[in-house]
Amino acid sequence: MADSERTRMAAGQWYTCLDDELEALRATARDAVFEHNTLPPRQRGNLGPSLKALLGAAGTGARIEAPFHCACGFNIFLGDNVFLNAGCTILDTAPVRIGKGTLLGPNVQIYCAEHHRQAAGRQAGLEIARPVEIGANAWIGGSAVILGGVSIGEGAIVGAGAVVTRDVPADTTVVGNPARAVKRG
């Protein structure tokens, strides 16, 4: 029996995103995100009920401001008191783990999916999913972009607008495109 595209995606292998099962999962996520983004803030609380149920984990006090977007939802794991500001997008085709106390500024983007380098592969919907890990008490500045396969260490700071293409050690500040370490002042 052949592996499903979802199984390939979860295993970090090339998979075809143009798949009925994966589309059904994305539709479920879109419904949960729509509810979260359209509920009145006092009714929504920290997380809309459908989004909270969809996430892989949401620690105590984890909060996602609206609007928010994710691809699957079930691959997102938030520690206690994680805060995602308005406009964040997480394309979680692989696990995205965000440690306790970490703050994401507005419009932060996390992209786990990498499209095929050949045009024919892209047209066929070939992707590979790479996980993202962000340690506890990190601070990701507004409009930063974090690519798949990256780990950001505990206490690290990613400057606003940075594009993170490589791992960031703990207690390191990175800025720019591509993000490079700078000395903390």
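We number each residue from 1, following the sequence as shown. These values consider heavy atoms only, across backbone and side chains, with no hydrogens, waters or symmetry-generated copies.
Residues forming a side chain to side chain contact (heavy atoms under 4.5 Å, CB included) with Thr38 (at least two apart in sequence, or on another chain): Phe34. Annotation: side chain to side chain donor-acceptor pair (under 3.5 Å) contacts of Thr165 (sequence neighbours excluded): none. Listed by chain and number, the residues in a side chain to side chain donor-acceptor pair (under 3.5 Å) with Thr172 amount to none (sequence neighbours excluded). Checked against side chain to side chain donor-acceptor pair (under 3.5 Å), Arg63 has the following partners two or more places apart in sequence or in another chain: Asn46, Glu65. Annotation: side chain to side chain contact (heavy atoms under 4.5 Å, CB included) contacts of Ala66 (sequence neighbours excluded): His36, Asn37, Arg44. Every residue two or more places apart in sequence or in another chain that forms a salt bridge (charged side-chain N to carboxylate O under 4.0 Å, His left out) with Glu114 is listed here: Arg117, Arg130. Contacts of Pro49 classified as side chain to side chain contact (heavy atoms under 4.5 Å, CB included), with partners at least two apart in sequence or in another chain: Glu35, Leu39. Residues forming a side chain to side chain contact (heavy atoms under 4.5 Å, CB included) with Ala29 (at least two apart in sequence, or on another chain): Leu54, Cys70. Judged as a salt bridge (charged side-chain N to carboxylate O under 4.0 Å, His left out), and not counting sequence neighbours, Arg166 has no contacts.
Thr89 places none of its side-chain heavy atoms less than 4.5 Å from the side chain of Val108. The shortest distance between side-chain heavy atoms of Phe77 and Ile98 does not fall below 4.5 Å. With contacts defined as side-chain heavy-atom distances shorter than 4.5 Å, the pair Leu104/Asn85 does not qualify.
Note: the hydrophobic cluster containing Leu91 also contains Val145 (ILVMFWY, side chain heavy atoms under 4.5 Å, direct or indirect links).
Residue pairs meeting the ring-ring contact (aromatic ring centres under 6.0 Å, His included) criterion with at least one partner in residues 78-122, sequence neighbours excluded, are Trp14-His116. Sorted by first and then second residue, the pairs that involve residues 19-31 and meet side chain to side chain donor-acceptor pair (under 3.5 Å), not counting sequence neighbours, are Glu23-Arg26, Glu23-Arg30.
Hydrophobic side-chain contacts under 4.5 Å tie Leu25 into a cluster, directly or through other members, with Met9, Tyr15, Leu22, Phe74.
Of the residues Val158, Val168, Ile110, Val96, the one that meets the side-chain contact (heavy atoms from CB on, under 4.5 Å) test with Ile134 is Ile110.
Using modelled atom types, one side-chain atom of Asn75 and one backbone atom of Asp92 make a donor-acceptor pair closer than 3.5 Å.
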For this session: Please report the C-alpha distance between Val132 and Cys112 in whole Å, then the side-chain angles of each, then the deciding distance to 0.1 Å, and finally whether the side chain to side chain contact (heavy atoms under 4.5 Å, CB included) criterion is met.
Result: CA-CA 7 Å; Val132 169; Cys112 294; 4.1 Å; yes
